[in-house]
Amino acid sequence: MSEAENRPTNFIRQIIDTDLSSGKHNSVQTRFPPEPNGFLHIGHAKAICLNFGIAQDYKGLCNLRFDDTNPEKEDIDYVHAIKKDVAWLGFEWAGDIHYSSEYFDKLHGFAVELIEKGLAYVCFLNGEETREYRGTLNKPGKNSPYRDTSVEENLALFEKMKNGECQEGECSLRAKIDMSSSFMCLRDPIIYRVRFAHHHQTGDKWCIYPMYDFTHCLSDAIEGITHSICTLEFQDNRRLYDWVIDNVSVASRPHQYEFSRLNLEYTLMSKRKLNTLVEEKLVDGWDDPRMPTIAAFRRRGYTPASLREFAKRIGVTKMENTVEMSVLEACIREDLNDNAPRVMAVLDPIKLVIENYAEGKTEALTVKNHPSDESQGSRIVPFSGELYIEAEDFREEANKKYKRLVIDKAVRLRGAYVVTATRCDKDEEGNVTTVYCTYNEDTLGKNPTDGTKPKGVIHWVDVQKSLTATVRLFDRLFTVPNPAAETDLQSVMNPESLIVIEKAKVEPSLANAKAEQAFQFERQGYFCLDNDIQNAGDLVFNRTVGLRDTWAKTAK
RNA sequence: AGGGAUAUAGCCAAGCGGUAAGGCAGCGGGUUUUGAUCCCGUCAUUCAGAGGUUCAAAUCCUCUUAUCCCUGCCA
């Protein structure tokens with residue numbers, strides 16, 4: 001398949017194809033415009049892949065522009081986090097990073113232009129009055145009493161606003177459009193408000209800040225954006241977007257297109273609500289691996305490629321949608337199945353003693369890192385007569401469906417020998433603590449000579465040489481598919497979303513694990529070393545995703 | 001005196017007047033030193049509903065229904 005055939009197709013790309021072939025545009029310029037008021041989540045990843053992906057495929061450019069017009073809610077820390085996330089996802093923005101705030105001078109000039117044209121006025125209605133005058137969905141609004149102030153006076157008033165002579169909320173600059181429009185955003189929208197706030201980019205230079213609807217379209221025009229892609233809730237705003245562009249003297253003429261935002265089952269996808277989880281300490285920060293943020297997925301072990309693949313699989317349309325978790329999980333499993341080296345770790349250890357193994361003997365077994373990809377090589381795994389195995393991999397007796405260790409039955413120790421259980425010890429509560437077995441010395445790398453072949457394979461680690469590690473198992477944060485519909489989030493949080501295993505036993509090769517490096521713990525799932533380890537040398541592994549488990553399903 | 005959008009399988013999603021792609025999930029089977037992977041098979045006589053145009057309609061027309069968005073000096 002050629003590269004072009006492998007590209008995603010969607011209605012926005014079709015529009016671009018049309019614009020290019022009709023000569024409306026000769027090149028494509030997009031932009032990703034986050035507000036630095038929180039961390040990016042997987043819904044943003046969809047938008048990032050869309051905008052940067054289009055730029056890549058059409059040999060155009062995509063800007064990264066911080067939409068920073070509301071200093072009270074924004075923070076420079078978010079700017080840094082967002083830059084890191086976009087780069088980590090594998091995209092390169094065109095030239096320098098942009099900020100809407102870098103256009104504040106130009107924007108001010110355009111506002112003055114509107115006033116001069118009689119298309120904007122300073123309004124002294126307070127918040128409540130402004131709302132009353134706006135009317136409702138079924139009732140037209142009323143003109144503001146300040147609507148017919150002269151151009152000269154408006155110019156002077158706006159200058160006073162800019163010079164800090166007006167109080168916050170005392171007045172605002174409004175576009176003069178149509179108080180009876182069926183588009184609420186066209187009922188004389190406020191385009192500048194007074195805020196005596198320190199801005200992370202412009203400092204204390206301004207005490208008036210432009211609103212989104214005035215800023216975004218003009219920033220697009222200033223940057224020469226051809227296709228300004230945003231989400232569905234801005235469809236009505238497009239009328240205001242066009243009005244501003246058409247009534248101000250900017251050179252270029254960008255167009256806005258809207259697609260539906262991503263909803264993911266069992267997760268929240270609104271920065272405001274995610275912020276609530278962080279603020280109320282319902283999670284451990286924006287990058288808590290249970291969060292749907294890009295930083296959290298990174299920490300959990302998702303790869304950039306898997307997130308890009310996910311964006312590709314879900315597509316881009318104008319349909320409301322809620323994607324199942326299984327789609328995302330399939331993407332990361334596909335990547336890690338190919339690329340994560342296999343390793344052994346026992347999460348709930350019990351001892352396995354091989355009674356016919358020579359006292360004090362040890363071996364260094366060579367085990368393949370990947371079952372089918374020879375290029376991933378092999379590693380040395382220490383073996384001895386005392387091992388740890390998974391508690392759930394042993395039963396004193398079981399039916400034929402249970403393919404693990406059972407007394408008087410044989411099982412293969414992964415990469416090692418076939419063993420047959422003989423008896424076990426239990427503690428006072430009846431839990432098995434030690435299993436005794438015998439091994440068949442002639443089964444290393446081959447089946448028993450008597451023609452039998454154990455039906456099960458279990459993983460293990462050496463008691464002496466294994467390392468103790470902390471392993472964190474994550475599950476969905478919420479118990480309901482659509483937590484956004486809940487009024488009380490706390491009541492639908494999954495109490496088992498995080499399970500910490502303090503004393504897991506892992507093979508010694510893991511001592512060299514690097515942060516975020518992916519491994520498959522055989523028969524269990526994909527894990528990576530946490531990227532926020534408190535003490536050097538500590539081993540803390542996060543479970544990215546479990547292996548597909550058809551056994552667990554049939555066992556139910 | 002409301003307006004703007006959207007309806008194709010359990011969940012996503014192609015389709016653009018010529019007889020319903022693909023993915024995820026599911027189901028059945030095979031291989032396997034991971035109950036993983038991989039492989040094979042299966043999964044919409046029908047496109048929200050009802051009319052109409054046409055030799056031919058998911059695609060065009062009419063009406064109806066359902067859902068989402070819009071009344072921040074947020075974005």
Side-chain angles (χ1 to χ4, degrees), chain A residues 9-10 14 33-35 37 67 69-70 72-73 123 125-127 130-132 134-141 168-174 180-187 189-195 209 211-213 215-216 230-239 258 260 262 265 271-272 312-331 333-334 337-338 342 344 367-368 370-372 401-404 411-416 418 443 445-447 453-459 520-525 546-555:
Chain A
T9 170
N10 58 54
Q14 288 175 351
E35 183 188 11
N37 66 344
D67 212 343
T69 58
N70 188 358
E72 291 173 324
K73 288 190 176 172
C123 180
L125 253 24
N126 64 31
T130 304
R131 205 177 316 122
E132 283 168 15
R134 188 154 35 225
T136 69
L137 296 177
N138 298 300
K139 209 177 76 198
E168 288 187 10
E170 179 189 350
C171 59
S172 61
L173 183 69
R174 294 231 254 165
S180 64
S181 174
S182 52
F183 294 103
M184 298 300 287
C185 65
L186 255 27
R187 318 246 266 223
I190 289 167
I191 57 177
Y192 262 95
R193 78 286 216 185
V194 176
R195 286 289 178 278
Y209 290 95
M211 301 288 287
Y212 165 84
D213 286 302
T215 309
H216 201 93
C230 64
T231 44
L232 248 31
E233 66 271 25
F234 292 99
Q235 285 176 122
D236 287 359
N237 299 249
R238 186 176 67 242
R239 277 71 184 187
E258 311 89 12
S260 53
L262 166 68
E265 275 192 345
K271 265 200 261 181
R272 210 196 89 244
K312 187 173 162 184
R313 289 189 190 186
I314 60 176
V316 176
T317 67
K318 300 175 82 142
M319 262 190 287
E320 292 295 332
N321 63 84
T322 303
V323 176
E324 292 175 346
M325 268 301 186
S326 62
V327 181
L328 219 205
E329 292 176 347
C331 292
R333 285 195 186 110
E334 184 178 286
N337 177 55
D338 288 346
R342 280 53 333 184
M344 290 193 281
V367 181
K368 289 203 291 185
H370 192 280
S372 53
K401 282 187 160 181
Y402 185 79
K403 307 201 306 186
R404 309 178 188 185
V411 79
R412 160 76 63 183
L413 293 179
R414 177 67 159 159
V418 171
T443 53
K446 55 186 168 184
N447 285 323
K453 186 181 168 187
K455 56 184 186 289
V457 179
I458 64 174
H459 59 274
Q520 183 195 101
F521 286 3
E522 290 222 39
R523 304 209 304 132
Q524 302 188 108
L547 252 29
R548 240 178 113 250
D549 192 354
T550 48
W551 162 248
K553 273 181 218 159
T554 56

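Given the structure is predicted, the values throughout are model-derived calculations rather than measurements. Both backbone and side-chain heavy atoms feed into the values below; hydrogens, waters and symmetry mates do not. The sequence lines fix the lettering, A, B, ..., with proteins before strands; numbering per chain opens at 1.
- One P atom belongs to U45(B), the other to U31(B), and the distance between them is 33 Å to the nearest Å.
- On a pure distance criterion of 3.5 Å, a polar donor-acceptor pair joins the side chain of Gln14(A) and the base of C16(B).
- Classification of G28(B) as anti follows from a glycosidic angle more than 90° from 0.
- As judged by a 4.0 angstrom heavy-atom cut-off over every strand, Thr322(A) is placed among residues touching the sugar-phosphate backbone only.
- Met211(A) is not listed as a side-chain neighbour of Tyr192(A), based on a closest heavy-atom distance of 4.5 Å or more.
- Comparing G41(B) with G52(B), their C1' atoms are spaced 42 Å from each other, to the whole Å.
- Both thresholds, 5.5 Å between centres and 30° between ring planes, are not jointly met by Tyr212(A) relative to the base of A75(B), so the two rings are not stacked.
- In this structure, Arg523(A) reaches the G35(B) phosphate: one of its side-chain N or O atoms is under 4.0 Å from OP1 or OP2.
- Contact between Thr69(A) and Arg193(A) at its shortest, heavy atoms only, is O-NH1, 3.4 Å.
- An OP1 or OP2 oxygen of C11(B) is reached within less than 4.0 angstrom by no side-chain nitrogen or oxygen of Arg313(A).
- Side-chain proximity of Leu137(A) to C73(B), C12(B), G2(B): nearest is G2(B).
- Of the side-chain N and O atoms in Ser326(A), none sit less than 4.0 angstrom from OP1 or OP2 of C11(B).
- When distances are taken from the side chain of Asn237(A) to each of A75(B), G35(B), U71(B), the shortest belongs to A75(B).
- Residue Gly525(A) is classed as having no contact, given no heavy-atom separation below 4.0 Å to the nucleic acid.
- One side chain, Ser260(A) or Asn321(A), offers a donor N or O that lies under 3.5 Å from an acceptor on the other.
- Judged by distance alone with a 3.5 Å cut-off, a donor-acceptor contact links the side chain of Arg404(A) to the base of G35(B).
- Taking the C1' atom of each, U32(B) and G22(B) are spaced 28 Å apart, rounded to whole Å.
- In this structure, the CG atom of Leu262(A) is 16 Å from the C1' atom of C68(B), given to the nearest Å.
- Rounded to the nearest Å, the gap between the C1' atom of G15(B) and that of G29(B) is 33 Å.
- Comparing atom distances between the Arg134(A) side chain and each of U71(B), U34(B), A1(B) picks out U71(B) as nearest.
- Closest to the Val327(A) side chain, of the nucleotides A25(B), U34(B), G23(B), is G23(B).
- Proximity of Thr317(A) to the phosphate of A13(B): a side-chain N or O atom is located under 4.0 Å from OP1 or OP2.
- In terms of phosphate contacts, Arg239(A) brings no side-chain nitrogen or oxygen within less than 4.0 Å of OP1 or OP2 of C70(B).
- Checked by distance alone, Arg342(A) brings a side-chain donor or acceptor within 3.5 Å of a matching partner on the base of U34(B).
- For Gln520(A) and U34(B), a side-chain-to-base donor-acceptor distance below 3.5 Å is present, hydrogens and geometry of angles not being considered.
- The side chain of Arg548(A) places no N or O atom within less than 4.0 Å of a non-bridging phosphate oxygen (OP1 or OP2) of C38(B).
- Within the 4.0 Å cut-off from OP1 or OP2 of C69(B), not a single side-chain nitrogen or oxygen of Arg238(A) is found.
- Between Ser172(A) and Arg174(A) there is a side-chain heavy-atom pair separated by less than 4.5 Å.
- Minimum atom distance to the side chain of Glu233(A) is reached by C69(B), of the listed C70(B), C69(B), C74(B).
- Side-chain nitrogen and oxygen atoms of Ser182(A) include none within less than 4.0 Å of the OP1 or OP2 phosphate oxygen of A1(B).
- One can find a donor-acceptor pair under 3.5 Å joining the base of U33(B) and the side-chain atoms of Arg412(A).
- Of the candidates G3(B), A13(B), G35(B), the closest approach to any side-chain atom of Phe183(A) belongs to G3(B).
- Without hydrogens or angle criteria, Arg342(A) side chain to Val367(A) main chain gives no donor-acceptor distance under 3.5 Å.
- Of the side-chain N and O atoms in Lys453(A), one or more sit less than 4.0 angstrom from OP1 or OP2 of U33(B).
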